[in-house]
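Just below is one structure, and these are the notes that go with it.
Each chain gets a letter, A, B and so on, in the order its sequence line appears, and its residues count up from 1.
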Protein chains: 2
Amino acid sequence: MENAIRVFSGYLNSRGLKLTRERKAVLQQLFSHQGHLEAEELVHGLRRRKARASRATIYRTLDLLVQSGLVRKVDLGQGHSHYELALDRPHHEHMICLECGRVIEFSDKTIHRSLDELCKRERFKRTSHRFQVFGYCQGCVNRKAAVK
Amino acid sequence: MENAIRVFSGYLNSRGLKLTRERKAVLQQLFSHQGHLEAEELVHGLRRRKARASRATIYRTLDLLVQSGLVRKVDLGQGHSHYELALDRPHHEHMICLECGRVIEFSDKTIHRSLDELCKRERFKRTSHRFQVFGYCQGCVNRKAAVK
DNA sequence: CTTCTTGCAAACCATTTGCATCATT
DNA sequence: AATGATGCAAATGGTTTGCAAGAAG
């Protein structure tokens, strides 16, 4: 967390930008909520801890955080973006429960290897990838079975 | 194509819906453009062949086509949906060129196998998955090199 | 004729932007 | 003081919806 602020501050400095109260607050809020936050949750979270920041500022800050490499913007297929901390967290994929919204992270060497081979075969220079699996998590499957 | 219209018609009938001129036209347009269409391209395509249909109708029809299983809605990370024919086309993934927008389709048994194992391990009942690779296609890489 | 469809315009929702005001360096 | 940053409200872009008028079964 302290470390993250240092990194962010460094990034901002390197482009002549400023580390404001609002920017710090957004980063802190991301840390308090370890999961996959959406912009709207940040608005409310910040409001709750009286560190309000406008939606505009939040979006602008998220952009900076993504550019700095501290945060990843992820699309969980819900029509709006989610943001997750990237610091010290290797790239991973998401399984998304269509019932409860739970997100299970995973990462698989075999898949990555196959992917790299594929790119070589197709002469495609990949810069990133995104793998999402939609379905139902154990809990929701059980719950449904119980209802029947 | 004829076959697809039959399937669609059957689907509509089964729910007491009607096969209208507009709905037929949308399906035809999807066939004429074999790739990954976006809604806006349908609007213009239909307008060109004087088979105009309003945006509202196009979106409503696409919904029906997706529900009928004839069409897949895909998210290529461009902020709006694309639609591709699903009839007789196995599920596949997409590599998307960030420069020219080209989409390369692929499908890989090893990846699918690893994925199924992962789901079993996580006790996740998957219903679908989506795999996207972003990067640059050969042509764009070459073009860039030439410019330098 | 009844029910479903269409087109239009307005509504929506997430996100972005212009601009006057405010805060950091 | 100078340059950036903020908040607001308006704009955007894709998509959805309410409703009156029109067409398919």
(request) Look at all strands and tell whether A:Glu38 reaches a base, only sugar-phosphate, or nothing, counting heavy atoms closer than 4.0 Å. (result)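 If one applies the 4.0 Å heavy-atom cut-off, A:Glu38 turns out to touch nothing in the nucleic acid.
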[X] [atom1] to [N] [atom2], straight-line distance once rounded to whole Å:
X: B:His82; N: D:dT15; atom1: NE2; atom2: C1'; result: 15 Å
X: A:Leu46; N: D:dT6; atom1: CG; atom2: C1'; result: 14 Å
X: B:Ile58; N: C:dC8; atom1: CD1; atom2: P; result: 12 Å
X: A:Tyr83; N: C:dA14; atom1: OH; atom2: C1'; result: 9 Å
X: B:Lys24; N: C:dC4; atom1: NZ; atom2: C1'; result: 16 Å

Phosphate-side-chain proximity, [X] and [N], N/O vs OP1/OP2 below 4.0 Å:
X: A:Tyr59; N: C:dT16; result: no
X: B:Thr57; N: C:dG7; result: yes
X: A:Arg23; N: D:dG4; result: no
X: B:Thr20; N: C:dT6; result: yes
X: A:Arg21; N: C:dT24; result: yes

(request) Fit a plane to each ring of A:His129 and A:His112, take the angle between them on a 0 to 90° scale, and name the class: parallel (under 30°), tilted (30 to 60°) or perpendicular (over 60°). (result)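 It falls in the perpendicular class, over 60°.
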(message) Using a distance-only criterion (donor-acceptor N/O pair, under 3.5 Å, no hydrogens), is the base of D:dG7 paired with the side chain of A:Arg60?
(response)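 A donor-acceptor contact between them is present.
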(request) Report yes or no: is there a donor-acceptor pair, N or O only, under 3.5 Å between the side chain of A:Arg15 and the base of D:dG4? (result)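 Check fails, no donor-acceptor contact within cut-off.
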(message) Using heavy-atom distances to pick each residue's nearest nucleotide on DNA chain D, tell me which of A:Ser54 and B:Ala56 is more 5'.
(response)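 Final value for this comparison: A:Ser54.
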(message) With a 4.0 Å cut-off on N to O distance, would you call B:Glu99 and B:Arg143 a salt bridge?
(response)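 Salt bridge: no.
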Main chain of [Y], side chain of [X]: is a donor-acceptor contact present, judged purely on distance under 3.5 Å?
X: A:Glu117; Y: A:Ser114; result: no
X: B:His92; Y: B:Pro90; result: yes
X: A:His44; Y: A:Glu40; result: yes
X: B:Thr127; Y: A:Phe134; result: yes

(message) Using a strict heavy-atom distance below 4.0 Å, which residues from residues 26-37 of chain B are in contact with DNA chain C?
(response)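 DNA chain C contact set from residues 26-37 of chain B: none.
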(message) Among B:His82, B:Arg72, B:His94, exactly one meets side-chain hydrogen bond (donor to acceptor under 3.5 Å, both in side chains) together with B:His36. Which residue is that?
(response)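 The passing option is B:His94.
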